[in-house]
Amino acid sequence: QIFLLEVGGLFLFFLFLSIKVAMSRVSTLIGVGSAAKRPNQEKAAQLLHRRSRAQGNFAEYVPFTLMVVHIHLQGGALENSQAAQLTGFLAVGRLVHFLGITTSALPLQVLGASAQYMTLAVLAYCGIKAGMQTLVEDTLTTLPATQIMPLAVSGIVAVFLGLSVYASLTRIRLGATFGETLSRSKSKTDDKHPDQEALTNAIRAHGNFVEYVLFVMLTLNHCATRHLLTAQQVCIAGAIFALLRVSQGVGIICGVIPPRAVGTLSTFALLLGSAGYLGYNSMEDDRLGLFLSLFNVLVCVLAFNVIRVRILTQTIAPGCPDAAGAGATLFRAQRVMGNCVEYSQAVLVAVVLLVHQQALGELGVTAVLGFFFVVRVLHAIGLCMTEGKSTPRGLGIVGTWALLFAVSCLLLKAGIES
């Protein structure tokens with residue numbers, strides 16, 4: 001299928017973006033963040049920042065979008081040709097967005113972001129349309145769970161799109177087209193300034209959504225595929241999660257603790273509860289389900305570590321502090337989780353597609369995801385130890401890249417053979 005070839009190509013492009021970031025880090029000796037450490041480093045640090053944002057933005061949107069396309073294909077909301085066209089449009093948009101960020105060309109950046117938003121909007125529409133047609137012809141009690149999945153995830157896609165557009169509109173309103181701080185020429189770089197708080201809150205509401213959503217979707221889809229949930233349960237779970245993320249987003253944007261706390265704690269409960277349920281039902285003959293559960297737990301552990309450091313440093317407000325001084329420990333904890341999420345989502349989506357195509361068996365899943373789990377733990381340990389060079393961090397990075405390259409090639413091979 002052309003879709004598989006496009007996915008393989010997109011993940012190879014993600015690897016290319018990651019290597020470009022690493023090259024900038026090596027040349028500038030900036031281990032974490034993108035702040036210049038020497039007076040003559042400003043230009044190189046700015047390039048590192050732009051490369052980091054190009055790679056980070058890709059990781060935020062592309063694995064999520066590809067998983068939704070897969071769910072729509074599996075549930076009949078998209079034909080193969082439609083999936084190929086939509087993914088091709090997404091790929092062109094991502095390339096344009098990359099060129100816009102790295103060359104400081106705002107029109108290209110806007111075009112790339114618009115292509116991404118249009119893709120999400122089309123997926124939400126197709127999921128709702130197909131779900132409504134399915135319900136007219138049948139009832140939830142008799143439908144296969146996979147057939148209702150496009151409708152179940154459409155609400156989640158709509159929330160993601162809403163948070164993304166809100167963050168973009170906030171940037172436009174405040175004149176902050178890049179980065180997480182306002183222009184120094186406006187004298188509004190104080191974290192307590194209302195405009196800076198509004199920008200930080202909008203970015204964090206979107207970022208917090210990205211950190212968890214795909215892990216829940218992967219678990220929900222796998223439960224539906226393995227007939228561990230009924231169509232009714234899938235719809236209820238999708239609706240509850242969408243509402244929880246709305247609560248979390250409103251809490252962060254408005255600076256109100258109760259809805260933010262409800263969204264956070266409920267998301268953790270859903271992640272850990274679904275991990276326990278899926279893991280228990282996957283122990284005998286389902287290695288993919290078992291590893292999806294393990295990665296849910298790993299993400300929760302890393303998130304709890306961020307919360308622990310926030311409490312210890314009394315930094316409860318949203319945002320990411322500078323990677324220096326009192327904020328260094330919190331910044332590293334956030335980057336440990338962020339880096340794990342960025343790569344785990346891509347690799348897990350690739351493995352799900354390979355298993356669906358029967359291009360990876362139980363032994364292959366065990367080898368790939370077992371190795372990947374080990375290297376992600378090594379990377380987390382290394383980065384928690386120091387922001388500089390460390391053997392565990394180096395092994396984690398190289399191992400992750402090798403595995404991302406391998407699964408991308410397997411996707412290309414599966415696409416050619418099919």
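Residue numbers count from 1 along this sequence.
A 4.5 Å side-chain heavy-atom check between T170 and I253 finds every atom pair outside the cut-off. You'll find the side chain of E362 stays beyond 4.5 Å of the side chain of D285, heavy atoms only. Proximity of V347 to F11: side-chain heavy atoms (C-beta onward) are nowhere separated by under 4.5 Å. By the 4.5 Å heavy-atom criterion applied to side chains, V250 and V256 are not counted as neighbours. Contact annotation: the side chain of H49 never approaches that of S24 to less than 4.5 Å [non-hydrogen atoms, C-beta and beyond]. V299 is listed as a side-chain neighbour of M337, based on a closest heavy-atom distance under 4.5 Å. Side chains of Y61 and S164 form a contact here, defined as non-hydrogen atoms less than 4.5 Å apart. Between L403 and V375, the closest side-chain pair of non-hydrogen atoms is not below 4.5 Å.
Among L214, L220, N221, the single residue meeting the side chain to side chain contact (heavy atoms under 4.5 Å, CB included) criterion with M217 is L214. Each of T65, V62, V69, L161 was compared with T119 under the side chain to side chain contact (heavy atoms under 4.5 Å, CB included) criterion, and only T65 meets it.
A donor-acceptor pair is defined here as one N or O able to donate and one able to accept, closer than 3.5 Å; no such pair exists between the side chain of Q109 and the backbone of I101. In terms of modelled atom types and a separation under 3.5 Å, the side chain of S247 and the main chain of P259 share a donor-acceptor contact. No donor-acceptor pair closer than 3.5 Å links the side chain of Q147 to the backbone N or O of P144. Remark: side-chain polar atoms of Y277 are paired, donor with acceptor, to backbone N or O of L228 under 3.5 angstrom.
For the residue pair S18/Q55, the side-chain donor-acceptor check at 3.5 Å is satisfied. Defined by atom type and a distance below 3.5 Å, a donor-acceptor pair is missing between the side-chain atoms of S282 and R287. Under 3.5 Å, the side chains of S154 and Y125 contain no donor-acceptor pair of N or O atoms. A donor and an acceptor atom, one from each side chain of S104 and R50, are located under 3.5 Å apart.
Ring pair F14/Y343: centre-to-centre distance below 6.0 Å. Here the two rings, on F58 and F98, have centers that are 6.0 Å apart or farther. Aromatic rings of H222 and F291 (six-membered ring for Trp) have centroids beyond the 6.0 Å cut-off, not under it. Taking the six-membered ring for Trp and the full ring otherwise, F295 and F373 have centroids separated by under 6.0 Å.
With values rounded to the nearest 0.5 angstrom, L412 atom CG is found 5.5 Å from L12 atom CG. Rounding to the nearest 0.5 Å places CD of Q334 at 11.5 Å from CG of L383.
Within a 6.0 Å sphere centred on CZ of F405, heavy atoms belonging to other residues, nucleotides or ligands number 12 at most. Crowding of I2 atom CD1: a count of heavy atoms from other residues, nucleotides or ligands under 6.0 Å not exceeding 12.
Of all non-hydrogen atoms in L270 and S274, the two that sit nearest each other are O-OG, 2.7 Å. Taking each heavy atom of A198 and R173 in turn, the nearest pair found is CB-NH2, 4.0 Å.
Partners of C126 by side chain to side chain contact (heavy atoms under 4.5 Å, CB included), not counting sequence neighbours, listed by chain and number: H72, L78, V122.
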Show your reasoning for whether side chain to side chain contact (heavy atoms under 4.5 Å, CB included) applies to V297 and V301.
CA-CA 6 Å; V297 173; V301 169; 4.2 Å; yes
For S344 and F372, run side chain to side chain contact (heavy atoms under 4.5 Å, CB included): C-alpha distance rounded to whole Å, both residues' side-chain angles, the deciding distance at 0.1 Å, then the answer.
CA-CA 8 Å; S344 296; F372 185 56; 3.8 Å; yes
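F64 and F160 have perpendicular rings, their planes meeting at more than 60° on a 0 to 90° scale where under 30° would count as parallel. The aromatic rings of F268 and Y212 sit perpendicular to each other, their planes meeting at more than 60°, with 30° as the lower class boundary.
Salt bridge absent: R204 and E197 never bring a charged side-chain N and a carboxylate O closer than 4.0 Å.
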